[in-house]
Amino acid sequence: MFNKYFSLGSRSTIDVNCTVTAVMGHLTSTDFENTNSIAKWCNDDLQLQYLLSTVPIRTYVQGENNPQIALNIYNLCERADHLIICTDCDTEGEYIGWEVLMAANYGLHFEKERDCSVLKEALSNKVRFNSGNVWRMEFSNVEKNHLKKAVTNPKKLDPKKVEAVRTRIEFDLRTGSILTRYLTNHYRKTPYAEDAKNLLVSYGSCQFPALGFVVDRYDRISNFTPEEFYYIYIKTELAKNKVGWARPNLYDRFATSLIYENVINMDSDVVTVSSVVKKHRIDYSPQPLTTVELQKECSRLFNFSAKETLKHAENLYQSGFISYPRTETNCYPPDFDFDSVINQLSNMPEYTPYCEKIVNEGALFKKPRNGSKNDFAHLPIYPLLSVSQNVKNTWTSQKKLVYNFVCVKFLASCCKDAIYNTCTVTLNWGKTSTQEGVDFVQKAEILQEANYKEVISLMFSKNQKKGKSKEVINLKLAELKVGDKIKLLETGVGIGKTTPPPWLKEAGLITLMDINGIGTDATIGEHIETLKTRNYIKCEDRTKYLKPTALGISLIHGFQKMGLGPIITKPFFRSEMEQSLHKIISGQLQGRDVLNQCMRSYSKVLKTTIQKGHILIGEAKVN
DNA sequence: GCAAGGTC
């Protein structure tokens, strides 16, 4: 298996001692050289330019357990001929791989500035672990054959990916530091600073665009002026409720009344079925579960914050009940063993009847509909172990809900799609040879095959049945034929009002962050939490609406009035930087150049902010 | 004390 590492042909045999050890995320932190307390920098805005460009940064082993971990790697490597790095197969994983390589060569002592040139040094032959004996294993799950393949096809660390992450780290650190210092200093002089010494107004390239989304929604709601609109409605023998006309509503009361008078003068007390369209609608079974989906759904269904959800999922993962909960992947590998998971779940009595219908390609089974996302580091989130009632009784209700959600989503994703028969009936009132009359549309939907929906019902408490009256109407509608006449019970002109967009809830914010590339699966929840702890936004207890505070609004509006809205409060700059990072990986750009360009932009931002800072403060006072 | 990214 290890022949390639020793440049041996496949027929040779060799005895290899293999030691496996681990890291826990990043080994290092990156910070400015010397201590740079906020207090020190807060008093002089002009000095902030130095923090942005000149003050050197250093990367050093930091964290509660990391010195021991780095030392452990160093000690074990003393006896090793080869080093195989098996961190996650994403860019952050590549960077952590570089940290491991540094620990192997230098132990704890890489507190000196060691940039990517040192990686080149490490990959040349100047150090003990170098391009000749350091390997990178590429794997995305721990299935046996997959791992075997990865071990027998070792790759090399990719310096470009390391450089990309290093660029992101430096960018985040420098831009975050200067604006956090500036804002903290200046807001301490405003009425917000009840406790001036402790007020902290932070800026980050993820938290600000996220705050921007919340304030943007607030603006759209507060600038909204409702408008009256008019429509014609009928009530028929078919149902008790009003049915509005099929055409778009009119904002002109007089025009609506004219149309109404035209048809009411026909003196007709029936509507005629003018068309019946019958179709199928496929309601797709859920896709394999990603972190972002888990957080959105748990927020929607159980009102959990994204952070809470991840905490419970993490807990379940650490006790072996579910797979790794931080993943962007929504597809399974072709050889994934669905049956063994389904069999595992059938240990739980409430799931057994459903599992029996799914397992061994049972009546309900269909291979999950794979999505298009793959982080190449982890599988989707799925259950690993069933839980006994006794153990389950010791869990908190939230933990039970998250576990149940993961199980049910998995089973549902292994089911056929649900199929509805739909029936769209157009009713016409007042059509003659000389005029068109008015159309009203009624739709019926009848569930033909529940399939995955049968399983989904496990997620909700029992006795959740939809009103029977609706089903009766559905059946009545489905039986109608063109030309049928239906008696009118009531007609009239209705008045409505346009409504503002709804307040953003956590699920909506997660969606916006996800599609705009703000944060990652593991950090989106953290960023939202930061907005709350900084007192930029508040989550209403009852409604779960996310509303910006006066402070949050003043920040976003202030930057917008300074003309810095697009770069500071919108997601474009962050997305652009992510694209530049990809260009570093593909070799089109150098890390240094990307950094210089970003820093030039932020240097202008800082200059403008210092010049026009009074706008921000003015904004703060108004609110 | 501050960023964002890993991880427990």
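Residue numbers begin at 1 in each chain, while the letters A, B, ... track the order of the sequences.
Checked against dG5(B), dA3(B), dG1(B), the side chain of Arg188(A) finds its nearest nucleotide in dG1(B). Between dT7(B), dG5(B), dC2(B), one nucleotide has an atom nearer to the side chain of His378(A) than all others, and that is dT7(B). Side-chain proximity of Asp172(A) to the nucleotides dC8(B), dG6(B), dA4(B) is greatest for dA4(B).
One atom, CZ of Phe208(A), and another, P of dA3(B), lie 11 Å apart when rounded to the nearest Å. The CG atom of Asn65(A) sits 8 Å away from the C1' atom of dC8(B) (whole-angstrom rounding). Rounded to an integer number of Å, the gap from Asp90(A) CG to dA4(B) P is 19 Å. The CG atom of Leu200(A) sits 6 Å away from the P atom of dC2(B) (whole-angstrom rounding). Put simply, CG on Leu606(A) is 17 Å from P on dA3(B), counting in whole angstrom units. Whole-Å rounding puts the Glu328(A) CD to dG5(B) P distance at 11 Å. Atom-to-atom, CZ of Arg181(A) to C1' of dC2(B) comes out at 6 Å; the value is rounded to the nearest Å. In this structure, Leu27(A) atom CG and dC8(B) atom P are separated by 13 Å, rounded to whole Å.
Residue Arg574(A) places at least one side-chain N or O under 4.0 Å from the OP1 or OP2 atom of dG5(B). Between Arg326(A) and dT7(B), a side-chain N or O to OP1/OP2 separation shorter than 4.0 Å is present. Taking 4.0 angstrom as the limit, Arg534(A) places a side-chain polar atom (N or O) nearer than this to OP1 or OP2 of dA3(B). Side-chain nitrogen and oxygen atoms of Tyr324(A) include at least one within less than 4.0 Å of the OP1 or OP2 phosphate oxygen of dT7(B).
Within the nucleic acid shown, Tyr317(A) comes within 4.0 Å of sugar-phosphate atoms alone, with no base atom in reach, counting heavy atoms only. Within 4.0 Å of Thr175(A), counting heavy atoms only, lies no atom of the nucleic acid at all. Residue contacts shown for Gln207(A) are limited to sugar-phosphate atoms, with no base heavy atom under 4.0 Å away. The residue Asp88(A) sits close only to the backbone: its heavy atoms come under 4.0 Å of sugar-phosphate atoms, none of a base. Among the protein residues, Tyr203(A) comes within range of the sugar-phosphate backbone only, with heavy atoms under 4.0 Å from sugar or phosphate atoms but none that close to a base. The residue Thr30(A) sits close to a base: some heavy atom pair falls under 4.0 Å. Across all strands, Thr87(A) comes closer than 4.0 Å to no nucleic acid atom at all (heavy-atom distances). Nucleic acid contact class of Gly519(A) (heavy atoms, under 4.0 Å, all strands): sugar-phosphate only.
Under the 6.0 Å cut-off for aromatic ring centres, Tyr324(A) and His378(A) qualify, their centroids lying closer than that. Checked against the 6.0 Å centroid threshold, Tyr95(A) and His26(A) count as a close aromatic pair. Note: Phe321(A) and Trp395(A) meet the aromatic proximity criterion, with ring centroids under 6.0 Å apart. Here the two rings, on Tyr182(A) and Tyr203(A), have centers that are 6.0 Å apart or farther.
For the pair Glu297(A) and Arg300(A), the salt-bridge criterion is met [side-chain N within less than 4.0 Å of a carboxylate O]. Of the charged side-chain nitrogens involved, none lies within less than 4.0 Å of a carboxylate oxygen, so that Glu170(A) and Arg166(A) do not count as a salt-bridged pair.
Open room surrounds NZ on Lys538(A); 12 or fewer heavy atoms of other groups in view lie less than 6.0 Å from it. Summarising the local packing, NZ of Lys399(A) is surrounded by more than 12 heavy atoms from other residues, nucleotides or ligands at distances under 6.0 Å.
Taking the six-membered ring for Trp and thresholds of 30 and 60 degrees, Phe336(A) and Tyr382(A) have ring planes more than 60 degrees apart, a perpendicular arrangement.
Residues Asp521(A) and Ser202(A) both approach DNA chain B. Their nearest nucleotides, taken by heavy-atom distance, put Ser202(A) toward the 5′ side. Both Ile518(A) and Met24(A) sit near DNA chain B, but only Ile518(A) has its closest nucleotide nearer the 5' end.
The only option from Ser601(A), Cys598(A), Ser205(A) that meets the side chain to side chain contact (heavy atoms under 4.5 Å, CB included) definition with Met577(A) turns out to be Cys598(A).
Proximity of residues 577-587 of chain A to DNA chain B (heavy atom under 4.0 angstrom from any strand atom) is not detected for any residue. Near DNA chain B, meaning a heavy atom under 4.0 Å from it, residues 522-532 of chain A has Ala522(A), Thr523(A), His527(A) in order of number.
To the nearest 0.5 angstrom, Gln49(A) atom CD is 4.5 Å from Leu606(A) atom CG.
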